Every structure is written in C-alpha cells, then in structure tokens.
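Remember, it's a predicted structure, so these values are computed and weren't measured experimentally.
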There are 2 protein chains.
Amino acid sequence: MNLSARQLKAFLMLAEERHFTRAAQRSHLTQPAFSAVIQSLEEALGVRLFDRSTRRVELTPEGWHFYRSAPRLLNDIEALVGEMRELVSKRRGKVAVAALPSLAAGWLPRIYAKFSALYPGVQLTLHDALLEPCLVQVREGEVDMAIAALGRDMSGLETESLCEDRFYLICRGDHRLANEPEVDLTMLENEGLIHLGRGSSIRQSLMAQTDLSKLRTTLEVDHLATVTGLILAGLGVSLVPGMTLFHFRHPQLRIVPLSRHSEIRRKLYLVRRANRSLSQAAAAFHELVMRERSSLGPGDQMDIREMS
Amino acid sequence: MNLSARQLKAFLMLAEERHFTRAAQRSHLTQPAFSAVIQSLEEALGVRLFDRSTRRVELTPEGWHFYRSAPRLLNDIEALVGEMRELVSKRRGKVAVAALPSLAAGWLPRIYAKFSALYPGVQLTLHDALLEPCLVQVREGEVDMAIAALGRDMSGLETESLCEDRFYLICRGDHRLANEPEVDLTMLENEGLIHLGRGSSIRQSLMAQTDLSKLRTTLEVDHLATVTGLILAGLGVSLVPGMTLFHFRHPQLRIVPLSRHSEIRRKLYLVRRANRSLSQAAAAFHELVMRERSSLGPGDQMDIREMS
DNA sequence: CACACTTACGATATTCGTAAGGATT
DNA sequence: AATCCTTACGAATATCGTAAGTGTG
C-alpha cells in the first residue's frame with residue numbers, strides 16, 4: 001500500500017466535480033490518466049469509491065467515508081510541504097548566534113539589520129556572552145554559530161577566520177601619550193592598566209601575546225562601558241581591540257594605535273559545530289557574515305576612520 | 001510534488017535508525033533502493049533532511065522540522081487506510097434497514113441475529129414502518145434498503161422479489177369455520193372483518209386482489225396485536241398474510257388457509273435505490289437476505305408448521 | 001581495510017498520452 | 001448522435017536489485 005498526495009488530490013477533485021473529464025483538466029491530466037489515478041487509489045484501498053455510469057459520477061458509501069477524512073489529510077500534507085518550502089526559501093526560520101560582547105554591540109547589529117531586510121520572516125536571536133559560554137552554546141547546539149575567538153578546547157567545532165583586530169591604547173586627553181601618533185608597549189611601563197575580567201577574550205588575547213608585568217593592573221571590570229568611566233576618572237588607561245572603539249568616542253578620551261612592532265592582535269572566527277549542516281536560514285546568515293567580513297577586517301583603518 | 005506514504009515511512013525509519021542499511025532492511029528494501037527513496041523525498045522538498053557521512057547519519061535542521069510533523073501525518077494516513085480496510089472487511093460499518101411491521105417483528109430479527117454473529121462490528125438499525133414511509137426512507141437514503149411491498153410510485157427504486165405471502169383467515173375457536181381445513185372467500189359472506197389501517201401493505205394487498213364488498217368491515221386498527229384482542233372478544237375475523245401468523249398463536253384462535261382458487265397473496269420485495277451501490281456491510285446484509293429468502297418464501301408451509 | 005553510503009546500470013513496473021471501444025441518454 | 005468513462009497500447013518515467021565506486025575512521 002502506498003497512498004500518495006496525488007491520489008488524494010485526484011480523489012478530492014473528482015468528489016467535488018463529479019465529472020472525470022473536468023476533474024482531469026483541473027488536475028492537468030488527460031482523462032484516461034486521471035481515471036487510472038482513481039483506479040489505483042480504489043485498488044490500493046480495495047474498494048470502489050465512486051459509482052460511475054457515463055452520465056453520473058457519485059461517491060459510494062465507502063467513498064463518503066473516505067471523503068470525511070481526505071480533505072484534512074491532504075491539507076496537513078500540503079501544510080507540511082509548504083512549511084518546508086518556507087524554510088528553504090527563508091521566508092521562515094530561526095537563526096541563533098552567540099557573539100562576544102564587543103561584536104554583539106558593534107558590528108553584528110549592522111549584519112542583523114541587513115539580514116532582516118533580506119529575510120524579514122526569519123527570527124534572529126543574539127546571545128552576547130564571553131568566549132567560553134559562546135563556544136559551549138555552539139557545541140551544545142543552542143546556537144547555530146558563534147562569532148568569537150579561539151578557546152582552549154575547540155574539539156567538535158569548526159572555525160573560519162573572520163578578521164584580525166588590532167589593539168589600541170585608550171587614555172584621557174590630558175595623558176602624556178594622548179597626542180602620540182602611535183605608542184609602543186615599552187612606553188606604557190608603570191602605567192595603571194584597567195583590565196577586563198578573565199573570562200573576556202580581550203583579556204585572554206592580551207595575556208597570550210604580551211608581557212604585561214611592567215604595567216600595574218589597577219582595576220578589573222566586566223564591561224567596556226565601565227572602562228570608559230574609569231579612564232575618565234583618571235584611574236588608568238586600557239588596551240582594547242579595534243572592534244570596541246565605538247565605546248570610547250568621547251571628547252575627553254584619546255585612542256592611540258599601538259606601533260607596528262609591538263602590535264597585538266585578536267583573531268576572530270566564525271565558529272560552528274563540526275560535521276553539522278546549518279539550517280537554510282543559518283546558512284544564509286553565514287554567507288552574509290562571510291561576505292561582509294571585509295567590513296570589519298583587516299580591522300584598523302576603518303575603525304579609525306569611523307572614530308575621527 | 002507528490003509526497004507518498006512510502007517516503008514518509010522511509011524518512012521516519014531512517015530518522016529512528018540513523019543508519020541506511022538497517023533502515024533499508026526494516027523497510028524490506030535494498031540499501032540503494034532505500035537511499036533512492038530518501039533522495040526522492042529530499043528532492044521533492046528541495047532540501048537535505050539528513051547529514052550523512054559514511055560513519056554518521058543525522059537529521060539536518062530542516063530534517064528535525066520535518067520530523068516534528070511527519071509521525072503524526074503518517075499516523076493519520078495509516079488510520080484512514082485502516083478504517084477503509086475495516087469497512088471493506090466488515091469489521092466496522094453500518095446497515096440501516098426499513099421493514100414493514102410484520103417483517104420487522106417476525107422474520108427480520110432472525111436475519112439480524114445471523115448477521116450480527118457474522119459481523120459483530122457492524123451496527124444495525126431497523127426502522128419498522130408502513131409501506132410508504134419505508135419507500136421514502138430508501139429514496140432519501142436514510143436506509144440502505146427496505147423489505148416491503150410495491151408502492152404506488154417506485155421511481156428511483158430498484159426491487160428484487162423476495163417471496164409471496166399467502167393469506168389466512170384468523171377466527172376464534174368457536175367460529176363456524178374454525179375447524180375447516182381451508183376456506184373460500186365466498187364462505188365469508190356477511191362475516192365481520194377486522195381490517196388494518198389504510199397505510200398498511202396488508203390492507204392494500206387485500207383491496208387490490210379481492211372484492212370485499214360482501215363482507216362487513218367491523219373495525220379498522222393499526223397494529224396486529226390489537227387484532228388478536230378484537231377477535232378473541234368476538235368482534236369479527238381477519239385475513240392476514242402468513243408472515244404475521246406468529247401473532248395469532250393462541251389456544252382460542254384458529255388459523256385457516258384460504259383455498260387455492262380464492263388465494264390472495266402479498267408479494268414482498270427487497271427495495272433499494274436505483275444505480276446506487278450498497279456499502280460493503282449493506283451488500284453483505286443484502287446477500288444474507290437473498291440467501292435466506294427461502295426461509296420465508298414460498299411462504300405458507302413453513303409458517304403453518306411453526307404454528308402447530 | 002572494513003564498513004557504509006552513492007553511483008551505475010539493466011530489468012521490471014508504473015504513469016502518461018493518443019486512439020479506439022462501449023455504454024447511456 | 002453526442003457525451004463520457006474505460007480499455008488498449010506504445011513511450012517515457014520511476015523503482016528495484018546487483019555490482020562497482022567512493023570516502024571515512
């Protein structure tokens with residue numbers, strides 16, 4: 001037995017029209033072919049569904065019984081197929097992304113806006129989280145992908161490089177280095193440095209690439225917004241990657257690039273589960289991110305321009 | 001697009017097993033053939049439903065979405081097909097029959113008992129009604145068939161002869177004709193005759209075949225049970241067909257056949273709608289009636305034996 | 001290298017359209 | 001005679017199983 005949507009559709013068409021020739025036309029079939037579909041259905045069910053003479057076509061008692069359920073059934077089938085088509089065409093769907101706070105606040109919203117314009121039916125979710133929580137959410141399938149740095153354990157994850165993010169010195173306008181065109185790490189000796197928490201990828205990038213022992217760590221906070229306030233209050237300076245510079249557009253703050261030879265960089269990646277395909281909507285989002293990645297990397301110039 | 005039950009079943013099998021070879025075996029297909037079914041489904045939906053490497057088979061996001069609805073859908077399909085099979089096999093169904101009161105009380109219950117034993121799942125309905133209401137119910141499709149006589153208007157109806165029913169004289173044991181082996185209509189002159197109502201087929205048969213002007217009509221009632229009482233009270237005699245004789249098994253009543261040459265008969269038919277097929281259950285009932293018709297026709301002997 | 005999915009390919013079955021057949025009004 | 005469903009039949013398509021190919025652990 002193998003009931004098909006085509007048979008159901010033909011049955012309903014004939015039950016409505018009570019006329020093989022018309023029902024066949026509406027089904028885009030020749031009348032004999034249509035007849036064969038009905039016959040195959042009757043044979044599959046083992047019972048005649050229509051009484052037909054050349055002048056009259058009518059449902060048999062069993063036909064009526066079938067007719068009670070068939071429309072709902074076909075409707076369910078077509079609803080399901082329709083849903084799938086909507087997913088494929090991205091008229092519907094969901095994309096969940098995890099991103100480091102710096103990206104979640106700065107670059108990603110612009111991507112979200114573009115994506116929403118392209119696919120207004122797709123529901124977007126954004127989880128701003130520190131590096132490790134980002135990776136956990138990807139690994140556990142809570143999000144489709146993350147935009148983050150590399151973590152300690154990247155097993156089961158697949159990464160694609162997005163950009164490299166240079167670091168900058170943030171200081172108050174009256175700081176001794178405020179008007180340098182660029183600074184060197186050696187110039188920062190004995191400066192009071194305001195750090196982000198240890199869960200932060202910014203902090204981790206810094207620790208991995210730099211010897212900060214010559215600097216004094218004055219404070220450690222969790223949010224960049226807080227850093228702004230602390231610097232303004234004269235409590236120290238900070239080193240942050242380019243992606244976060246929009247936090248520091250302030251008349252009394254200065255942003256000074258680190259010189260080439262003491263350049264520190266944070267590498268950012270798009271992270272997703274290994275060997276797992278993305279949903280159609282997520283794949284479209286992924287594609288958009290990769291296409292737009294030039295708008296955040298190589299990284300520095302653009303952000304400087306934005307700030308000026 | 002033509003979704004089929006086979007595709008759904010294969011999909012669910014694979015979603016459960018996550019293994020083409022095993023799922024193929026359980027589907028009684030070779031693995032490549034099974035693979036082709038899955039591919040045809042994916043092609044029909046325009047989206048991959050399974051991520052497969054040689055070592056792992058897993059649902060894609062779209063596959064999961066499909067999986068949310070597919071089991072219910074397949075279940076509905078199989079439920080419908082199952083229902084149809086039950087109707088065909090007469091494990092379920094309905095049969096509604098209309099019958100003249102004489103048959104509804106006497107012969108038909110025995111048929112119902114036999115039918116119920118054969119098909120305990122089929123629900124039987126019996127409408128005992130006078131001739132014209134019987135025919136109306138058939139014509140309007142309220143019942144599958146009727147067991148009745150011929151009416152004035154038989155258009156749209158199809159009849160099959162069931163039996164002929166002889167008439168008998170019913171009188172009290174102390175009546176002058178009580179011990180005759182048979183009586184002639186002429187012997188009934190000036191008798192007081194108890195009639196049934198004009199809607200009754202018994203009355204109509206009598207009127208059509210006999211000149212009753214020599215007899216006095218003393219009373220006219222609607223139910224045979226009442227006739228019994230009236231005869232016992234000495235209010236007259238009655239003429240009734242053989243099928244009703246069980247009403248008159250009473251020590252003080254006598255049943256006397258009418259002689260051959262003044263024989264009156266009531267013809268009984270199975271009546272159904274013209275050009276309309278019966279439901280499977282009704283067809284089985286019809287067949288049983290026709291097979292058992294010898295147990296009521298030619299009519300007389302048996303009833304006489306029963307009465308003795 | 002062994003297991004597992006895909007591709008290739010020939011055989012069979014199904015489906016389709018055209019044309020002829022048969023029944024009903 | 002006209003209408004309309006069924007049957008007949010050849011062509012295109014789909015489905016199946018066997019066997020070879022490919023890729024992954």
How many whole angstroms separate atom [atom1] of [X] from atom [atom2] of [N]?
X	N	atom1	atom2	answer
B:Gln31	D:dA20	CD	C1'	13 Å
A:Gln39	C:dC16	CD	P	12 Å
A:Arg52	C:dG22	CZ	C1'	15 Å
B:Ile38	C:dT7	CD1	C1'	17 Å

message: If we ignore hydrogens and angles and just use 3.5 Å, is the side chain of B:Gln204 paired with the main-chain N or O of B:Arg198 as donor and acceptor?
response: yes

message: Please classify the nucleic acid contact of B:Ser53 as base, sugar-phosphate, or nothing, using heavy-atom distances under 4.0 Å.
response: sugar-phosphate

- request: For A:Arg55, report the nucleic acid contact type (base, sugar-phosphate, nothing); a contact means any heavy atom under 4.0 Å.
  value: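 Contact class for A:Arg55: base.
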
message: To the nearest 10°, give me the bend of the helix from C:dC1-D:dG25 to C:dT25-D:dA1, comparing the axes of its five terminal pairs at either end.
response: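 Answer for the end axes of this duplex: 30°.
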
task: Could you tell me whether A:Arg266 and A:Glu164 make a salt bridge, using a distance below 4.0 angstrom between a side-chain N and a carboxylate O?
output: no

message: Check B:Glu42 with B:Arg52, please: is the shortest side-chain N to carboxylate O separation under 4.0 Å?
response: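 A salt bridge links B:Arg52 with B:Glu42.
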
task: Taking the six-membered ring for Trp and the full ring for Phe, Tyr or His, determine whether the centres of A:Phe285 and A:Tyr119 are under 6.0 Å apart.
output: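 No, too far apart.
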
message: For A:Phe50 and A:Phe11, I'd like to know if the aromatic rings sit close, meaning centre-to-centre distance below 6.0 Å.
response: yes

- prompt: What nucleotide among D:dC16, D:dA19, D:dC4 has an atom nearest to a side-chain atom of A:Thr54?
  reply: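 Nearest listed nucleotide: D:dC4.
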
statement: The nucleotide from D:dT6, C:dC16, D:dG17 with an atom nearest the side chain of A:Ala33 is C:dC16

message: As a test of understanding, state which of B:Lys9, B:Arg72, B:Arg6 forms a salt bridge (charged side-chain N to carboxylate O under 4.0 Å, His left out) with B:Glu78.
response: B:Lys9

message: Between A:Lys267 and A:Ser161, is there a side-chain heavy-atom distance shorter than 4.5 Å?
response: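 Side-chain contact under 4.5 Å: no.
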
task: Check whether any side-chain heavy atom of B:Asn275 sits under 4.5 Å from a side-chain heavy atom of A:Arg56, and report yes or no.
output: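 Sidechains of A:Arg56 and B:Asn275: in contact.
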
message: Contact list please: residues 14-29 of chain A against DNA chain C, heavy atoms, distance less than 4.0 Å, in numerical order.
response: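 Per residue number, the list reads A:Leu29.
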
- prompt: For C:dC16, does OP1 or OP2 lie under 4.0 Å from any side-chain N or O of A:Arg6?
  reply: yes

